[in-house]
Amino acid sequence: MASFLYYCLYISLLVSFTLAEDPTVSYKFELTYITASPLGVPQQVIAINGKFPGPVINSTTNNNVIVNVRNKLDENVLITWAGIQQKRSSWQDGVLGTNCPIPPKWNWTYNFQVKDQIGSYFYFPSLNFQRASGGFGGFIINPRSVIPTPFDNPAGDIVVLIGDWYIRNHTALRKTLDDGRTLGMPDGVLINGKGPYRYNDTLVPDGIDHETINVEPGKTYRIRVSNVGVSTSLNFRIQNHNLLLAETEGSYTVQQNYSSLDIHVGQTYSFLITMDQNASSDYYIVASARFVNESTWKRVTGVGILHYSNSKGKASGPLPDPPQDQYDNTFSMNQARSIRGNVSASGARPNPQGSFKYGSINVTEVYVLKNKPPVTINGKRRATLSGISFVNPTTPIRLADQYKVKGAYKLDFPTEPLTGPSKMETSVINGTYRGFMEVIFQNNETKMHSYHLDGYTFFVVGMGLGDWTNDSRGTYNKWDGIARSTTQVFPNAWTAVLISLDNVGVWNLRTENLDSWYLGQETYIRIVNPEKNNKTELPMPDNALYCGALSKMQKPQDISPGTSIKFSGGYGWIATIMMMLLSGLMI
């Protein structure tokens, strides 16, 4: 009864809040281990509210998003929101450079606004290789009704999470890396947490649950596809159907059809797909490994089913072919270059996406970030970026700045790769507020990488084979390069991006390949407004956790109903009470 009264009061306050300010959407996430068998073998996975994958967060531009996270795992947790810019509030970003982790048996409430964003994203646990065991889900930001979209409203909106998958859980995979070994070939590919349809009796054992997407003939659906895997690029395709690309990570694209599209780790695309086939049978949905020995990696293929309501039979026969370029990246790179921003479409605001003339802005700082195969530093196998393997600080960077903790990090990340031995450091990029930064990602490994920046979108202006030089700027797209937060960098190749540094805070720049990220291939960009103008950054939230040099400031957590919990950050007393009620409902 008490829980019901709390719930009623919560709803009442929520209605009042949404009428008074920008509307609020609220979620409670309870992270637990469950046993599942996505590839036919029982294993431990990370569930949210008992589900794997977790729920889709569905919001609208400028909504306030409240997510109360209860950690019922046996280790620390943080949730990060890939592509959500957290404008003026890196406090909510959910990575170790800005947040102390949520300890086991504790709960913590994220409270942020999806300001001036639209599009398709996902969230995941950012610590301890946990994403390899689950804990991820989709994140949608719908446009406001007063802002036009460059396509008709679809008949349905479907989230598809694809990714390579290991039967070993994240703690076992972590130990493999700690022991100096590689992870080896994944055991399969999941589609929405499910294994492959039994398209081949030899490759796919009986009894595996597969994903089915039900559709109506003649209608057009928006399908948002994210690669949430560990380290494998995947080619996504639907048998006999064109994929009309419409948006990626918050930017509308020039609309063009693809028979298949390479989706790299951490990337998200949304397609408009018209159900224009004759439904003589169901159709395969395929996500298969790229840039590998395809005969050896056949099992690393996810297969789902597209089912028309008037389908006359089950899917059968061979899968639709992937691109026939196993040892040549040219096709995939040209495909990536073909993805352009729709400069005439409105984004989250009524002004066209092309109104920001990025190609005519003078660059104020340049960073060449080069990776290389893992190296041994102090007896440990480590991954590096420009010769530095990042060591996470015991006191998060933003928290250390707030309390003037000395020695927590170094503001000395080099603009060009180190020429001497690699080293392990907590070395951070010193970005200039309102500067315009050019970053060149140089991939000197033999495997694909994708790189992500929290807090921002960047313009992908160029990519090419070999080493980047100053002359490479002559190939840049200075008009309609796609703005996104995660870009691929091909093996022995480079990708260049431009970033307008207008979001104050401390922002994680990382490879999305979990193995390399775990081994240190990341850094942070620190952006400070020298005028100390508090309008460019929200205050530190009152519920911030303390750790490291500030651990003595952390009070024991009391989450019983009625506990007085303060919350700052511009959302007022109503958010405070809502957080209390969410905590009470989770008891």
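Residues: numbered from 1 along the sequence shown.
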Roughly how far, to the nearest 0.5 Å, is OG of Ser90 from CZ of Arg398? 6.0 Å

Backbone N/O of Gly266 and side chain of Asn227: donor-acceptor pair under 3.5 Å: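 Between the backbone of Gly266 and the side chain of Asn227 there is no qualifying donor-acceptor contact (under 3.5 Å).
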
Less than 6.0 angstrom separating the ring centers of [X] and [Y], yes or no?
X      : Y      : value
Trp81  : Phe112 : yes
Tyr123 : Phe29  : yes
Tyr518 : Phe129 : yes
Phe436 : Tyr358 : no

Taking NZ, NE, NH1 and NH2 as the nitrogens, is one of them in [X] or [Y] under 4.0 Å from a carboxylate oxygen of the other?
X      : Y      : result
Asp454 : Arg510 : yes
Asp262 : Arg290 : yes
Lys370 : Glu416 : no
Arg484 : Glu247 : no
Arg174 : Asp515 : no
Arg181 : Asp179 : yes
Arg526 : Asp401 : yes

Does NZ or CZ of Arg131 lie under 6.0 Å from the centre of the six-membered ring of Phe124, at an angle within 45° of the ring axis?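 Ring-cation test returns yes.
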
Is the His449 ring parallel, tilted or perpendicular to the Tyr451 ring (thresholds 30°, 60°)?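 Taking Tyr451 first and then His449, their aromatic rings lie parallel (interplane angle under 30°).
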
